[in-house]
Amino acid sequence: MQLPAHGANASALYKAMGLTMPEKVIDLSENVNAFGLPAAVKEAWPKLIDQVSRYPHEQAEPFRSLAAKSHQVIPQQVLVTNGAAEGLMVLAQHFKGQDILLLEPSFSEYKRTLQQQNCRIHSIVATDITCYQFDLDALHRQLQQANVCYICNPNNPTGVVTEQSWIEALIKAYPTCIFVVDEAFMDWTDETQSVVPLIKHYANVIVVRSMTKMFAMAGVRLGYLLGQQVERLRASLPHWNVSQLAIELGLICLNEQKFSKNSRDYSEQLLGKMKQYFHSIDCQYTDSRANYLLFQLPKNYNAEHFFLYLLERGIVLRHTKNYEGLYGKWFRIAVKTEEIWQQARKEMDDYVQNYSLLSP
Ligand SMILES: Cc1ncc(COP(=O)(O)O)c(C=O)c1O
């Protein structure tokens, strides 16, 4: 049975599992902001119709300059892309045939895009999933052979934030290795561990950012790369790779700091409650600081059965069968709203109370 490789694909998941999809589904397999689009986007929407006929600026200005200003870098250090996904694709093309180290478990698109470019992929799997820790001797051995190393921070799927100083020590120690740091979810944190401030000191770091998650813009496709040399990658992109609508929406969203802060505060508080619940039922869960977390039921439960049970009740978790080192035993759950969480929690509670393998 081949399950969808990403979340946010409930109908394909039900189909692959041979299940009828209930009328009402709570999709906790995707991580976009449950608050939806900022109100400012909705207000501006009628006026944006006039932009549809315009060709976009080839460097996605003025979005590029505003993104540069908000990260305190120069515009030439920002390459705007059609979602972070396009950034990952253009990077993989650039690394064609090279030796790449992936810190796993992590976002599956790294492997997919790199395999397309015949890269030799090496991976190191976290020795502790809950706090995303690695065997340091093994990591250093691997880095000596690597041309490029991908680090997802906060990591998808664990949500754990790796400290900036830890990443900086690697960037410094391996100046010939390029470090791609995917910060698609960094705007769900206080940003203190972002490596963007390191860009001015090191040429071997490239940061990937996405507008998708915080601003609920998955359908718009807007992201960017930051780094000293990213402008060089433009040659491999289509001339108008970012639409005029994406540029306009991105401009509005980057000015929505209050919206981001409210979303972050709400999510952080709910994440705390979710962790308390998982603790109370003896689950293992990750030390996440993003808008999702990973958890694993205690050993006396059957993970497959649990996943199916929730699907039948319209609760969709993100399976982990295509993540290195997780083997489908862990589940990723999005932090949405209190109401949604209470519904999911009720179904989980019923399961935990009734389906222990140790029950008489
Ligand atoms: C870690 C990570 N990086 C990048 C992306 C791609 O983001 P975008 O929607 O901007 O293409 C995703 C999407 O799920 C992601 O989880």
Side-chain angles (χ1 to χ4, degrees), residues 4-10 12-13 27-34 37 60 63-64 67 78-92 102-114 126 132 149-162 167 179-189 193-196 206-226 230 233 237-238 241-243 245-247 249-250 253-254 260 267 286 288-294 316-320 322-324 326 332-335:
H6 292 285
N9 206 351
L13 178 65
D27 190 356
L28 298 172
S29 74
E30 53 87 354
N31 303 323
V32 300
N33 194 339
L37 290 164
F63 176 78
R64 177 175 78 147
V78 179
L79 182 73
V80 186
T81 54
N82 198 288
E86 188 184 52
L88 292 173
M89 196 202 67
V90 79
L91 283 170
L102 302 181
L103 270 56
E104 298 277 14
S106 204
F107 187 42
S108 59
E109 281 298 290
Y110 309 148
K111 196 179 266 175
R112 198 186 66 85
T113 51
L114 292 162
Y132 204 51
C149 173
Y150 279 59
I151 303 175
C152 188
N153 196 29
N155 181 47
N156 177 3
T158 61
V160 175
V161 171
T162 300
I167 300 178
F179 289 83
V180 174
V181 183
D182 182 350
E183 296 189 353
F185 289 95
M186 191 55 93
D187 46 7
W188 287 93
T189 76
Q193 303 310 316
S194 167
V195 294
V196 173
I206 296 174
V207 181
V208 181
R209 300 282 299 215
S210 168
M211 298 291 288
T212 292
K213 319 292 177 179
M214 175 56 79
F215 301 107
M217 296 210 307
V220 171
R221 317 306 307 136
L222 186 62
Y224 46 97
L225 301 178
L226 298 135
V230 290
L233 300 169
L237 290 175
N241 66 320
V242 175
S243 76
L245 276 179
I247 293 171
L249 294 173
C253 290
L254 277 189
S260 305
S267 169
T286 52
S288 171
R289 283 167 57 191
N291 61 336
Y292 51 88
L293 72 105
L294 264 190
V316 183
L317 301 178
R318 171 68 164 95
H319 73 86
T320 57
N322 61 335
Y323 283 109
E324 284 287 323
L326 299 181
R332 195 188 67 198
I333 180 166
V335 181

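Values below: every heavy atom of this structure, side chains too, minus hydrogens, waters and symmetry copies. Start at 1 and go down the list; that is how both ligands and their atoms are numbered.
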Quick one: are [X] and [Y] in side-chain contact, heavy atoms under 4.5 Å?
| X | Y | answer |
| --- | --- | --- |
| V180 | I151 | no |
| E30 | V316 | no |
| N33 | W188 | yes |
| L222 | F63 | yes |

Please write down residue, atom name and distance for the protein heavy atom closest to [atom].
| atom | value |
| --- | --- |
| atom 9 (O) of ligand 1 | T212 OG1, 2.7 Å |
| atom 11 (O) of ligand 1 | R221 NH2, 2.5 Å |
| atom 13 (C) of ligand 1 | K213 NZ, 2.8 Å |
| atom 16 (O) of ligand 1 | N156 ND2, 2.9 Å |
| atom 1 (C) of ligand 1 | D182 OD2, 3.3 Å |

Non-hydrogen atom of [X] closer than 4.0 Å to ligand 1:
| X | result |
| --- | --- |
| M211 | no |
| E109 | no |
| G83 | yes |

Query raised in the report: Under 4.0 Å from any heavy atom of C152, which atoms of ligand 1 are there?
Result: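 With C152 as reference, the close atoms of ligand 1 come out as 1 (C).
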
Report task. Considering the heavy atoms of A184, write down every atom of ligand 1 situated less than 4.0 Å from one of them. Result ->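 In order of numbering, the contacting atoms are 2 (C), 3 (N), 4 (C).
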
**Report entry** Identity of the nearest option to atom 12 (C) of ligand 1, non-hydrogen atoms only, from Y150, F185, Y110, F107
**Finding:**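 Answer by nearest heavy atom: F107.
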
Query raised in the report: If you take all heavy atoms of C149 and L103, which pair is closest and at what distance?
Result: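 Residues C149 and L103, closest heavy atoms: SG-CD1, 3.7 Å.
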
Query raised in the report: For the side chain of N82 and the backbone of N241, is there at least one donor-acceptor N/O pair under 3.5 Å apart?
Result: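 Checking the backbone N and O of N241 against the side chain of N82, a donor-acceptor pair under 3.5 Å is found.
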
Query - T81 side chain vs G223 backbone, donor-acceptor pair below 3.5 Å - result: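 Confirmed, T81 side chain pairs with G223 backbone.
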
Requested in this report: Could you walk me through whether F107 and L102 pass side chain to side chain contact (heavy atoms under 4.5 Å, CB included), step by step?
Outcome: CA-CA 10 Å; F107 187 42; L102 302 181; over 6 Å; no

